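Residue numbers start from 1 in every chain, and the chains themselves are labelled A, B, ... in the order their sequence lines are given, proteins ahead of strands. Note that this is a predicted model, so its numbers are computed, not measured.
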Amino acid sequence: MNLFNHFREHLLIIIDALVNDGILPVGIDTARIAVEPPRDHSHGDVTTNAALLLAKPACMLPIDIALPLVKRLKALEFVLETEIAGPGFINLTLDKTFWWGRLKEVLEAQVTYGASVIGKKLPVNVEYVSANPTGPLHVGHGRGAVFGDALASLLEKVGFVVTREYYVNDAGAQIETLAHSLHLRYRQALGEETGDVPVGLYPGEYLISAGQKLADVVGDKWKDVPEIQWLEPISKFAISAMMDLIREDLAALGIEHTVFTSERELVKKGGVENALGKLNDRGLIYEGVLNPPKGHKPDDWEPREQTLFKSSDFGDDMDRTIKKYDGSWTYFATDIAYHEDKYQRGFNKMINIWGADHGGYVKRMTSAVRALTQDQGELDVKLCQMVNLMDNGEAVKMSKRAGAFVTLREIIDNVGKDVVRFIMLTRKNDAQLDFDLAGVTEQSRDNPVFYVQYAYARINSVFRHSAASFTQGELSVETLAGAPLERLRDKSELSLIKLMASWPHVVEGAALAHEPHRIAFYLSELATQFHFLWNKGKDDSSMRFILEGDRDLTLARLALIKGVAFVIASGLQIIGVVPLKEMR
RNA sequence: GCGCCCGUAGCUCAGUAGGAUAGAGCACCAGAUUCCUAAUCUGGGGGUCACAAGUUCGAAUCUUGUCGGGCGCACCA
């Protein structure tokens, strides 16, 4: 249960009643009314700005709206106190029985706590990674991968039906370069002296083993034949070898896409003509000459008639080229086809995760989706900023040119997948992220992964200890859900329950905003509150979880921390991290 | 030159669809510690939310401009 939505619904019913009674005018807009946790705990448990928002359209003073609202809110079940504060906020304080009920709810839902149905089973397509199949993934890809995967899980948690998709850019010039690079390694594998890798080809060592593999499979079949004969088959071989590599990297992160869409095949089956034909029918494709870029002109710029898409009709700054000078499609053209393909597959909601260097591309793509779907489809592009790889505070130099850049795989092997996943979500997607190889494995407060895991481990430790005085059956979740929770009356215990009870609200908010990092931040806060309670037991032995001589209270407290464990597990599941029962 | 993103404590960052007195961690100072361990917790100092106007009951949040940083800028992907 999202308790804030719960009270919002009641509030709206009350507002309706006030309209019926003629206290509020008819036709008042309630859409923007918020029912939220207050920033400051001294303001109660639930706050709403209803009176403030309704004041203007109703032509009334906030206080005159707040008073009748409060009168009826007071009558609601679980509402202990009401307050009109500040310029007209209405604050509710809820009864303890309400909070005990929430804890019981956590124990019943277990790790599914926080799940909701607001997604209404609508299909959503989350496309992420989509790295070109020209080599292994690097750190930046890793961030997009984790972000996309966590977002997908988050959307699933709130009831969307999510497809995790990878767009394989297996057409275009970079594939030709790849094929040439592989052909060189293939010749080397067959014993030919080729000298250094020429500039312009991919120098990476990962192609050496692919070249060897190719030699093993086909022998010298493509060695001394003209390029026109080997280019196509070697391209295919190279793409599949590189995709295997990438899939392995992703698997090491625990990521598995459900759909891989090939650009080649899309083009082959006429996807581009189909999509552009559609736009053409709507008069959005034309032959024209673009204005030169303002300010500095590229040296080789010359006015040229091109085939253009009228993206400026949909909010883009200018129209965009869809056909290259040599007559082939631009990347944008195939991307239009790709998004049309997604839409035809039934996805009205599409989310793309891109690197920040593609920022200039967002407007034209959202324009294209609007045009293609006549505003029925919705594309949200999330840009992930750069990751700065550090070691003990010093930047790790990455030289792609030398082919010796640090791969994602090396990092995962070094610090573990769970650490990579969690750390990638400790920043907003559009903020740069420092990834410190030494820092992320440190066992201290400044390492959030450790900190959260440690809370979970401590809880499990308490249960191991309590096994001495309680039976398995007494410690089962089912029994704990029936524990005398009304014994939990300490302020710190109740505030821990309140924090847990806000979990569904956090999940929904994060899902709708497409911001999985909020989950990581919430978990850190929950861990903080738990560690606080833990230490309270050191100051004051009556606050310890296991109390000799008070089995009821002990069971209630075990139920409390069991709930915390479930919420942590629920959150870590979204992030894709396995909770640890022990950290020795 | 144009566009997109960003600018919050000494440092690294949150700030939940405009909400009440702007929050964490690190660092610094002072303390606590029988369950998982000083791997944790408590308290303290520290801010013109880059700057300036505007919108309104109310702005870190929205609009415009200025300054500063990152990314991109026809015919690459």
Side-chain angles (χ1 to χ4, degrees), chain A residues 32 34 36-40 42-43 47 49 52-53 55-56 61-62 85-89 91 132 134 169 171-175 263 289-298 300-304 306 308 316-321 323-326 328 330-332 334-335 355-363 383 385-386 426-428 430-434 436 442-448 450-451 454-455 457-466 502 505-506 508-510 512-513 515 517-518 520-522 524-525 528 531-539 541 544-546 582-584:
Chain A
R32 287 181 57 235
E36 291 175 319
R39 291 249 164 115
D40 191 327
S42 67
H43 293 137
T47 187
N49 58 0
L52 287 162
L53 279 175
K56 195 163 210 181
L61 291 173
F89 291 102
N91 299 328
N132 289 340
T134 54
N169 294 127
Q174 90 275 9
I175 294 301
E263 182 186 356
V289 181
L290 286 175
N291 292 323
K294 294 179 183 107
H296 298 299
K297 238 188 235 185
D300 57 348
W301 197 89
E302 51 184 272
R304 195 176 281 169
Q306 295 171 304
L308 301 169
D316 200 0
D317 312 314
M318 56 190 266
D319 295 339
R320 302 291 176 175
T321 315
K323 205 180 252 185
K324 287 188 225 170
Y325 188 50
D326 66 6
S328 61
T330 61
Y331 182 76
F332 182 44
T334 52
D335 231 0
D357 53 342
H358 290 61
Y361 202 77
V362 175
K363 268 193 189 170
L383 298 177
Q385 274 288 350
M386 287 177 48
T426 53
R427 290 284 178 280
K428 264 185 312 210
D430 50 14
Q432 290 193 26
L433 174 113
D434 288 346
D436 194 307
E442 203 173 288
Q443 302 207 328
S444 76
R445 178 75 176 89
D446 31 328
N447 178 358
F450 165 76
Y451 188 73
Y454 188 34
R458 274 183 156 173
I459 293 168
N460 279 276
S461 167
V462 174
F463 274 87
R464 282 195 295 274
H465 278 266
S466 48
S502 72
H505 181 249
V506 170
E508 284 186 14
L512 293 176
E515 290 188 350
H517 76 275
R518 291 189 200 176
F521 281 89
Y522 171 86
S524 292
E525 200 187 329
T528 299
H531 287 309
F532 169 71
L533 197 59
W534 174 282
N535 271 76
K536 234 179 150 177
K538 297 190 173 187
D539 292 341
S541 60
R544 292 168 65 82
F545 301 124
I546 302 173
E582 262 187 285
M583 302 193 72
R584 287 179 204 273

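The base of B:A20 sits with one of its N or O atoms less than 3.5 Å from a complementary donor or acceptor on the side chain of A:Thr47. Judged by distance alone with a 3.5 Å cut-off, no donor-acceptor contact links the side chain of A:Asp319 to the base of B:A74.
The side chain of A:Lys538 contributes an N or O atom lying less than 4.0 Å from OP1 or OP2 of B:A38. The phosphate of B:A74 has neither OP1 nor OP2 within less than 4.0 Å of any side-chain N or O from A:Thr321. OP1 or OP2 of B:C76 sits under 4.0 Å from a side-chain N or O of A:Lys324. Regarding contacts with the backbone of B:C41, a side-chain N or O of A:Tyr451 is found under 4.0 angstrom from either OP1 or OP2.
In terms of the side-chain contact (heavy atoms from CB on, under 4.5 Å) criterion, residue partners of A:Ser524 (sequence neighbours excluded) are, by chain and number, A:Pro448, A:Val452. With sequence neighbours left out, the salt bridge (Lys or Arg N to Asp or Glu O under 4.0 Å) criterion links A:Asp316 to A:Arg320. Residues satisfying the side chain to side chain donor-acceptor pair (under 3.5 Å) criterion with A:Glu36, sequence neighbours excluded, are absent altogether. Applying the ring-ring contact (aromatic ring centres under 6.0 Å, His included) criterion to A:His517, with sequence neighbours excluded, gives A:Phe521. Applying the side chain to side chain donor-acceptor pair (under 3.5 Å) criterion to A:Asn460, with sequence neighbours excluded, gives no partner residue. In terms of the side chain to side chain donor-acceptor pair (under 3.5 Å) criterion, A:Arg544 has no residue partners (sequence neighbours excluded). For A:Asp430, the side-chain contact (heavy atoms from CB on, under 4.5 Å) partners at least two apart in sequence or on another chain are A:Lys428. Looking at residues two or more places apart in sequence or on another chain, you find a ring-ring contact (aromatic ring centres under 6.0 Å, His included) between A:Tyr454 and A:Phe450, A:His531. For A:Ser502, there are no side chain to side chain donor-acceptor pair (under 3.5 Å) partners two or more places apart in sequence or in a different chain.
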Contact pattern, 5' to 3', of nucleotides 9-14 of chain B - B, S or - by protein heavy atom under 4.0 Å: ---SSS
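Of the P atoms belonging to B:A9 and B:A22, the separation is 14 Å, rounded to the nearest Å. Going from the C1' atom of B:C67 to that of B:A53 covers 15 Å, rounded to whole Å. For the C1' atom pair drawn from B:U48 and B:U16, the interatomic distance equals 26 Å after rounding to whole Å. For the P atoms, the distance from B:U55 to B:U64 is 15 Å, rounded to whole Å. B:C2 and B:C49 have their C1' atoms separated by 29 Å, with the value rounded to a whole Å. Spacing between B:C13 and B:C57 at atom P, rounded to whole Å, works out to 37 Å. Taking atom C1' on both nucleotides, B:G10 is separated from B:G47 by 12 Å, rounded to a whole Å. Between the P atoms of B:G15 and B:G72, the separation comes to 26 Å (whole Å).
Nearest to the side-chain atoms of A:Asn49 among the listed nucleotides B:C36, B:G19, B:G3 stands B:G19. When distances run from any side-chain atom of A:Arg39 to the nucleotides B:A20, B:A77, B:A39, the shortest one goes to B:A20. Ranking B:C36, B:U42, B:A32 by closeness to the A:Phe532 side chain, first place goes to B:U42. Relative to the side chain of A:Asp357, the nucleotides B:G72, B:A17, B:C35 differ in distance, and B:G72 lies closest. Nearest to the side-chain atoms of A:Gln306 among the listed nucleotides B:A74, B:A77, B:A20 stands B:A74.
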Dot-bracket summary - RNA chain B, pairs being Watson-Crick or G-U whose distances fall under 3.5 Å, with | when paired to another strand: (((((((..((((.....[...)))).(((((.......))))).....(((((..]....))))))))))))....
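Heavy atoms of A:Asp316 sit nowhere under 4.0 angstrom from any nucleic acid atom. Base engagement by A:Ala85 is indicated by at least one non-hydrogen atom pair under 4.0 Å involving a base atom. Nucleic acid contact class of A:Arg544 (heavy atoms, under 4.0 Å, all strands): base.
Two residues, A:Val462 and A:Lys323, neighbour RNA chain B, and the one matched to the more 5' nucleotide by heavy-atom proximity is A:Val462. Of the residues near RNA chain B, A:Gly359 and A:Pro38, the one whose nearest nucleotide (by heavy atom distance) lies more toward the 5' end is A:Gly359.
Rounded to whole Å, the distance from CD on A:Gln385 to P on B:G70 is 11 Å.
Distance alone, capped at 3.5 Å, is enough to place a donor-acceptor pair between the A:Ser466 side chain and the A:Val462 backbone.
Taking CG of A:Asp335 as the start and OG1 of A:Thr330 as the end, the distance is 9.0 Å to the nearest 0.5 Å.
Taking a centre distance below 5.5 Å and an interplanar angle below 30 degrees as the stacking criterion, A:Tyr361 does not stack against the six-membered base ring of B:G72. For B:G72, the base is not stacked against the aromatic ring of A:His358, per a cut-off of 5.5 Å between centres and 30° between planes.
Side-chain polar atoms of A:Thr334 and A:Glu263 form a donor-acceptor pair below 3.5 angstrom.
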Write down the protein N/O and nucleotide N/O pairs, taken from nucleotides 55-57 of chain B, whose separation is under 3.5 Å; answer none if there are no such pairs.
residue	atom	partner	partner atom	Å
B:C57	OP1	A:Lys56	NZ	3.4

